[in-house]
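To start, the structure itself, in structure tokens.
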Amino acid sequence: MTALLNVNGLTVKLPVMGELRTVLRDVDLELEAGKTLGLVGESGSGKSMTVRTIARLLPDGADVKGHVRFDGAEVFDLRGEALRRYRAGDVSMVFQDARAHTNPVRRMGDFLTEALCTNDRMPRRAAEAKAIQLLADVGISDPERRLRQYPHELSGGLLQRVMIAASVAVRPRLILADEPTTALDVTTQAEVMSILARMQAEYGMAVLFITHDLELAGAVCDDTIVLYAGQVVERQRSTQLHRDPLHPYTAALVQARPEIGHRARRLPAIPGHPTTAYEAPGGCAFAPRCRFAQDACRRAVPSLLQIGEQGSTRCIRMPDLHGRLLATTGAGDEASDHQRADAAEEATR
Amino acid sequence: MSAPLLAVENLTKRFGSGRTETTAVADVSFELASGGSLGIVGESGSGKTTTARMIIGLEKPSGGRILFRGEDRTQPARTAKALRERGRNVQIVFQDPYTSLDRRQRIGDCLAEVLGVHFKLSRDETKRRVRGLGELVGLDERQLNSLPKALSGGQRQRVAIARALAAEPEILILDEAVSALDVSIQAQILNLLSDIRDERGVSYLFISHDLAVIRQVCDDTIVMRHGAVVEQGATAAVLDDPHHAYTRLLRDSVPRDGWDPASLARS
Ligand SMILES: Nc1ncnc2c1ncn2[C@@H]1O[C@H](COP(=O)(O)OP(=O)(O)O)[C@@H](O)[C@H]1O
Ligand SMILES: Nc1ncnc2c1ncn2[C@@H]1O[C@H](COP(=O)(O)OP(=O)(O)O)[C@@H](O)[C@H]1O
Ligand SMILES: [Mg+2]
Ligand SMILES: [Mg+2]
């Protein structure tokens with residue numbers, strides 16, 4: 001079976017002050033119809049650029065290599081009507097900052113009916129009735145009143161629900177959700193996620209779900225991909241991600257995050273800061289921050305390595321380290337310093 | 001037992017009047033011990049920031065008292081010196097430090113300026129303290145000499161913390177100060193805050209909607225909803241064994257294995 005979305009060897013460079021800067025390197029991903037794929041990474045890792053490339057919304061002058069195939073068709077070969085249909089019908093986006101994607105002087109009703117009138121050529125009356133139905137579908141009470149309101153009259157959570165309503169209105173086959181809940185607090189996030197899940201089940205849409213929250217990805221996605229410096233460093237089932245990570249970076253993220261049920265003496269922070277693809281050193285991009293790094297890691301860019309049935313990793317040490325990444329931490333307190341020294345020693349043996 | 005460093009009693013804030021009147025903070029009371037760390041959690045709009053703004057004097061309470069070392073800050077200061085002290089001993093760090101930094105001012109100069117406002121120091125002493133603050137928060141000489149735009153989000157948050165600490169406050173309020181940071185950077189800043197607390201004995205009022213972060217930083221926690229405190233106690237007790245339905249909802253809303261957001265009923 002071919003996947004609905006297939007990204008292969010995708011490398012993207014963007015023009016910055018007269019030179020091309022790499023933002024994505026050799027990215028592969030596959031998403032089947034109706035499934036949810038998580039895309040996790042810290043800021044600058046290339047999550048939004050991946051989504052924009054798939055949606056063909058790259059800035060002018062972008063240099064793209066590799067393939068993006070939707071339902072078997074090369075997305076970068078689409079022209080005219082086919083491209084319009086792809087962008088306005090097949091794929092649909094939900095953004096982090098819903099407010100920035102609305103027009104402050106236009107009512108929610110105009111915003112919702114516009115897409116229906118232009119894309120589906122629906123008469124105005126019918127579009128309004130449909131809009132009311134859409135809002136009711138995402139659990140918004142008193143939809144008639146909401147249609148007359150302006151964006152600033154709606155809370156962030158409510159606005160995000162309207163955005164979801166708008167993006168499912170055209171019955172897309174793929175939703176690209178770029179951190180749709182990052183700006184929301186936990187209770188509102190839970191509401192928005194439950195609506196997204198219900199819409200997805202109802203319409204059978206696939207979702208590419210972007211987040212920087214490993215736990216959220218683990219809870220709502222089938223598979224998850226971890227990006228670092230514009231590269232895929234790990235892919236596996238989401239539920240396994242924080243139990244048995246396949247890359248030291250993922251493991252370090254799991255450990256650096258505080259826990260709701262436990263206060264750590266000291267958090268095992270990751271030294272340094274996340275790098276972009278453009279700044280990444282030769283060899284493994286994570287090596288400078290990795291407590292398992294060896295000379296060999298710095299020599300060549302590792303390729304994606306299959307780990308049995310479980311998933312894949314861009315870490316040459318993984319066959320050796322598998323299952324032990326979470327056994328010790330990189331924290332600076334005494335106990336774990338000993339453990340870390342042990343681990344380092346063991347690692348060099 | 002000694003008197004608390006900060007005691008907030010029946011604090012209330014109403015905005016607007018007549019039909020548009022809203023109560024942002026309703027009858028809130030809590031105490032912060034010297035050297036302690038108190039968390040305030042609650043969804044957005046629950047009145048956390050308004051409470052903080054009243055404590056630092058940016059907003060005038062509609063009712064209640066704010067006692068700092070027993071002195072009521074809702075009343076006018078008796079002397080010019082007392083007023084200056086009020087401006088110094090409680091400092092605040094917000095979520096987005098970039099908006100509060102002067103884009104044309106080098107980081108080191110910014111810290112020197114704050115030192116100049118609060119203390120009479122020689123040029124050498126100022127330089128020494130700027131370097132000391134840089135060391136405390138992990139900013140090197142090169143970063144102290146750069147402009148805000150040359151720094152990453154995490155580095156700017158270090159600057160904001162250094163700037164607040166330059167006044168040598170007794171209370172540091174952190175209003176969602178680590179919420180926007182990447183996980184790896186957030187851990188660095190949380191460790192930094194714990195070091196600073198050990199080294200300087202400063203007390204924290206730590207506002208966040210992130211329960212895991214609250215668990216890591218705060219001894220005690222209050223849970224706010226619609227402007228009122230619905231639950232308070234030791235952080236471990238509040239989070240492990242919540243008594244109020246809203247606290248349970250907050251806790252159950254945190255994604256985890258087997259999470260089912262659709263099952264979370266909201267009252
Ligand atoms: N319009 C642009 N021109 C040049 N570089 C860009 C542009 N937008 C983003 N970038 C760079 O691309 C990299 C990836 O960015 P992005 O995909 O937005 O990251 P993420 O969404 O993971 O935070 C970053 O280094 C960013 O600075
Ligand atoms: N200057 C103001 N004028 C009117 N209403 C305000 C003002 N500041 C805050 N509010 C209202 O007070 C309530 C509490 O807000 P806030 O303290 O910012 O909550 P939180 O920090 O918990 O998100 C909100 O309903 C908000 O709209
Ligand atoms: Mg992004
Ligand atoms: Mg606030």
Side-chain angles (χ1 to χ4, degrees), chain A residues 40-45 155-157 181-198 201 211-220 238-239 242-243 249 252-274 289 330-332, chain B residues 41-46 48 95 138 151-155 176 178-195 208-219 225 235-236 239-240 246 249-267:
Chain A
V40 170
E42 294 182 285
S43 51
S45 59
S155 69
T181 61
T182 297
L184 307 176
D185 50 46
V186 281
T187 45
T188 317
Q189 166 168 283
E191 285 169 13
V192 168
M193 289 316 302
S194 90
I195 284 158
L196 194 58
R198 211 184 67 225
T211 174
H212 62 268
D213 183 343
L214 272 180
E215 279 128 15
L216 181 59
V220 304
S238 302
T239 47
H242 49 280
R243 273 191 228 127
Y249 174 59
L253 281 183
V254 170
Q255 293 183 316
R257 175 76 192 140
E259 285 172 51
I260 189 169
H262 166 78
R263 179 181 195 161
R265 226 169 22 110
R266 208 168 174 72
L267 289 169
I270 311 175
H273 56 86
R289 306 175 74 196
Chain B
V41 297
E43 65 195 351
S44 74
S46 56
K48 306 181 298 292
Q95 176 168 341
L151 301 181
S152 68
Q155 287 166 341
E176 302 284 5
V178 301
S179 305
L181 301 176
D182 278 317
V183 171
S184 69
I185 305 303
Q186 189 183 71
Q188 293 172 8
I189 300 287
L190 293 177
N191 284 341
L192 171 67
L193 289 173
S194 135
D195 294 342
S208 178
H209 62 264
D210 187 332
L211 300 183
V213 166
I214 288 281
R215 182 68 182 256
Q216 181 61 23
V217 180
C218 308
D219 306 333
R225 186 182 200 197
T235 303
L239 295 184
D240 292 343
Y246 178 65
L249 174 67
L250 274 183
R251 200 192 51 178
D252 295 344
S253 298
V254 178
R256 63 185 178 281
D257 270 2
W259 189 58
D260 177 18
S263 71
L264 299 169
R266 216 180 141 85
S267 52

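A, B, ... follow the sequence lines: proteins, then strands. Residue 1 opens every chain.
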Worksheet item: Do the side chains of B:Ser194 and A:Arg266 get nearer than 4.5 Å, heavy atoms only?
Response: yes

Worksheet item: Got a sec, which residues hit salt bridge (Lys or Arg N to Asp or Glu O under 4.0 Å) with B:Asp219, two or more places apart in sequence or on another chain?
Response: A:Arg263, B:Arg197

Practice prompt. Flag the pair A:His242 / B:Asp257 as yes when at least one side-chain heavy-atom distance between them is below 4.5 Å, and no otherwise.
Written response: yes

Discussion item. Please classify the contact between A:Val192 and chain B as side chain, backbone, both or neither, with a heavy-atom cut-off of under 4.5 Å.
Written reply: neither

Worksheet item: What's the shortest heavy-atom distance between B:Asp240 and A:Gly261, and which atoms?
Response: OD1-CA, 4.3 Å

Response to the item:
Between A:Pro258 and B:Ala212, the two heavy atoms sitting closest are O-CB, 3.3 Å

Practice prompt. Taking the side chain as every heavy atom from C-beta outward, state whether B:Pro255 and A:Met193 have any pair of such atoms under 4.5 Å apart.
Written response: no

Practice prompt. Check whether any side-chain N or O of B:Asn191 sits under 3.5 Å from a backbone N or O of A:Leu267 as a donor-acceptor pair, and report yes or no.
Written response: yes

Discussion item. Given 3.5 Å as the limit, does a donor-acceptor pair link the side chain of B:Gln216 with the main chain of A:Ala264, or not?
Written reply: yes

Worksheet item: Does the A:Glu191 side chain pair with the main chain of B:Leu264, one donor and one acceptor, at a distance under 3.5 Å?
Response: no

Practice prompt. Indicate yes or no for a side-chain donor-acceptor contact from B:Glu43 to the backbone of A:Val186 under 3.5 Å, with no hydrogens or angles considered.
Written response: no

Worksheet item: What heavy-atom pair brings A:His212 and B:Val183 nearest, and what distance separates the two atoms?
Response: O-CG2, 4.4 Å

Item to complete: Would you give the length of the straight line joining atom OG of B:Ser179 to atom CG of A:Asp185, rounded to the nearest 0.5 angstrom?
Response: 10.5 Å

Worksheet item: What part of B:Asp195 gets closer than 4.5 Å to chain A, counting heavy atoms only: side chain, backbone, both or neither?
Response: side chain

Fill in: Region of A:Arg243 that comes under 4.5 Å of a non-hydrogen atom in chain B
side chain

Worksheet item: What option among A:Ser194, A:Ala197, A:Pro274 has the most heavy-atom pairs under 4.5 Å with chain B?
Response: A:Ser194

Practice prompt. With sequence neighbours left out, write down each residue that passes salt bridge (Lys or Arg N to Asp or Glu O under 4.0 Å) with A:Arg257, or none if nothing qualifies.
Written response: A:Glu215, B:Asp210

Worksheet entry | Leading residue by heavy atom contact count with chain A [cutoff under 4.5 Å; candidates B:Gln155, B:Gln188, B:Arg251, B:Gln186] | B:Gln188

Worksheet, complete the sentence: So, the part of B:Leu250 with a heavy atom under 4.5 Å from chain A: the answer is both

Discussion item. Just verifying a value: how many Å separate A:Thr188 OG1 and B:His209 NE2, rounded to the nearest 0.5 Å?
Written reply: 9.5 Å

